[in-house]
Amino acid sequence: QVQLVESGGGLVQPGGSLRLSCAASGFSFSRYTMNWYRQAPGSEREFIAGITNFGGNTHLADSVKGRFTISRDNAKNTVYLQMNGLKPEDTAVYYCNAASIGWGQGTQVTVSS
């Protein structure tokens, strides 16, 4: 049974940092590009970051370049999103994704004073 489980969200002050994790199971993790998306209230789901199966290539949305970093540990079947310099507009539910596998349930990130 395939599963993606996000964790690490929470409430943080502007300028703060969070590290999100997505634990994968039930499929051959190292064969898949992994992605992070987010969805704010009233907005469409937005691509944030992607990383190829062995971590050799990453892509970040312009809105988070210089602030966020995506990484993966294939031995742990886990993909990470390190978020620094958080802004209120980063507030959203963050989702993990693998093509042809599906989505996690998401983790809430709230950036507020």
Side-chain angles (χ1 to χ4, degrees):
Q1 185 177 34
V2 299
Q3 192 170 15
L4 298 169
V5 181
E6 300 94 338
S7 62
L11 175 65
V12 65
Q13 297 289 317
S17 298
L18 285 172
R19 189 193 193 199
L20 307 184
S21 298
C22 173
S25 60
F27 65 99
S28 186
F29 180 76
S30 65
R31 293 179 180 266
Y32 287 82
T33 290
M34 299 298 298
N35 306 289
W36 287 97
Y37 287 72
R38 69 186 181 190
Q39 188 166 22
S43 300
E44 297 181 354
R45 192 167 295 187
E46 173 190 20
F47 172 82
I48 297 301
I51 185 166
T52 53
N53 57 345
F54 292 107
N57 291 288
T58 62
H59 179 69
L60 296 169
D62 288 344
S63 60
V64 303
K65 284 182 179 177
R67 300 188 297 122
F68 291 11
T69 303
I70 187 170
S71 62
R72 67 192 294 161
D73 186 340
N74 286 346
K76 297 181 178 179
N77 286 0
T78 302
V79 61
Y80 305 95
L81 186 68
Q82 178 67 47
M83 306 186 296
N84 300 323
L86 284 162
K87 305 174 181 179
E89 52 262 45
D90 295 319
T91 296
V93 177
Y94 284 72
Y95 297 91
C96 180
N97 164 263
S100 303
I101 295 296
W103 302 84
Q105 293 183 334
T107 186
Q108 176 71 50
V109 172
T110 302
V111 184
S112 177
S113 299

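Here the closest non-hydrogen pair linking Gly50 and Asn35 is CA-OD1, 3.5 Å. Nearest heavy-atom pair across Gln108 and Thr110 is NE2-OG1, 3.3 Å. For Val93 against Gly106, the heavy-atom pair with the smallest separation is CG1-CA, 3.8 Å.
The OG atom of Ser7 sits 10.0 Å away from the CZ atom of Arg19 when rounded to the nearest 0.5 Å. Rounded to the nearest 0.5 Å, atoms CG (Asn74) and OG (Ser28) are 9.0 Å apart. Distance check, rounded to the nearest 0.5 Å: CG of Leu20 to CD of Gln82 gives 8.5 Å. Atoms CD1 and CD1, on Ile70 and Ile48 in that order, are 10.0 Å from each other to the nearest 0.5 Å. Atom CG of Leu18 sits about 4.5 Å away from atom CE of Met83, to the nearest 0.5 Å. Between Asp90 atom CG and Ser63 atom OG the span is 7.5 Å, to the nearest 0.5 Å.
A side-chain donor-acceptor contact under 3.5 Å links Asn84 and Ser17.
A donor-acceptor distance shorter than 3.5 angstrom exists from the side chain of Thr107 to the backbone of Gly9, with no hydrogens or angles considered. The backbone N or O of Gln105 sits less than 3.5 Å from a side-chain atom of Glu6, completing a donor-acceptor pair. Not one N or O on the side chain of Asn53 forms a donor-acceptor pair closer than 3.5 Å with the backbone of Thr33. Without hydrogens or angle criteria, Asn97 side chain to Gly102 main chain gives a donor-acceptor distance under 3.5 Å. One N or O on the side chain of Thr52 and one on the backbone of Asn57 form a donor-acceptor pair closer than 3.5 Å. Here the side chain of Arg67 pairs a donor or acceptor atom with the backbone of Gly85 at under 3.5 angstrom.
Aromatic pair Tyr37/Trp103: centroids less than 6.0 angstrom apart.
Taking 4.5 Å as the limit, every side-chain heavy atom of Gln1 sits out of range of all side-chain heavy atoms of Ser25. The closest side-chain heavy-atom distance from Cys96 to Met34 is below 4.5 Å. With a 4.5 Å cut-off on side-chain heavy atoms, Ser112 and Leu11 count as touching.
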Verdict with supporting geometry, Tyr95 and Leu4, side chain to side chain contact (heavy atoms under 4.5 Å, CB included): CA-CA 9 Å; Tyr95 297 91; Leu4 298 169; over 6 Å; no
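For the pair Arg72 and Tyr80, the cation does not sit on the ring face, since its NZ or CZ is not both under 6.0 Å from the ring centre and inside 45° of the axis.
There is a path of hydrophobic side-chain contacts, each under 4.5 Å, that joins Val79 to Val109.
In this structure Lys76 satisfies the salt bridge (Lys or Arg N to Asp or Glu O under 4.0 Å) test with no other residue, sequence neighbours excluded. With sequence neighbours excluded, the residues that form a side chain to side chain donor-acceptor pair (under 3.5 Å) with Tyr94 are Arg38.
Within 6.0 Å of the CD atom in Glu89, the count of heavy atoms belonging to other residues, nucleotides or ligands exceeds 12.
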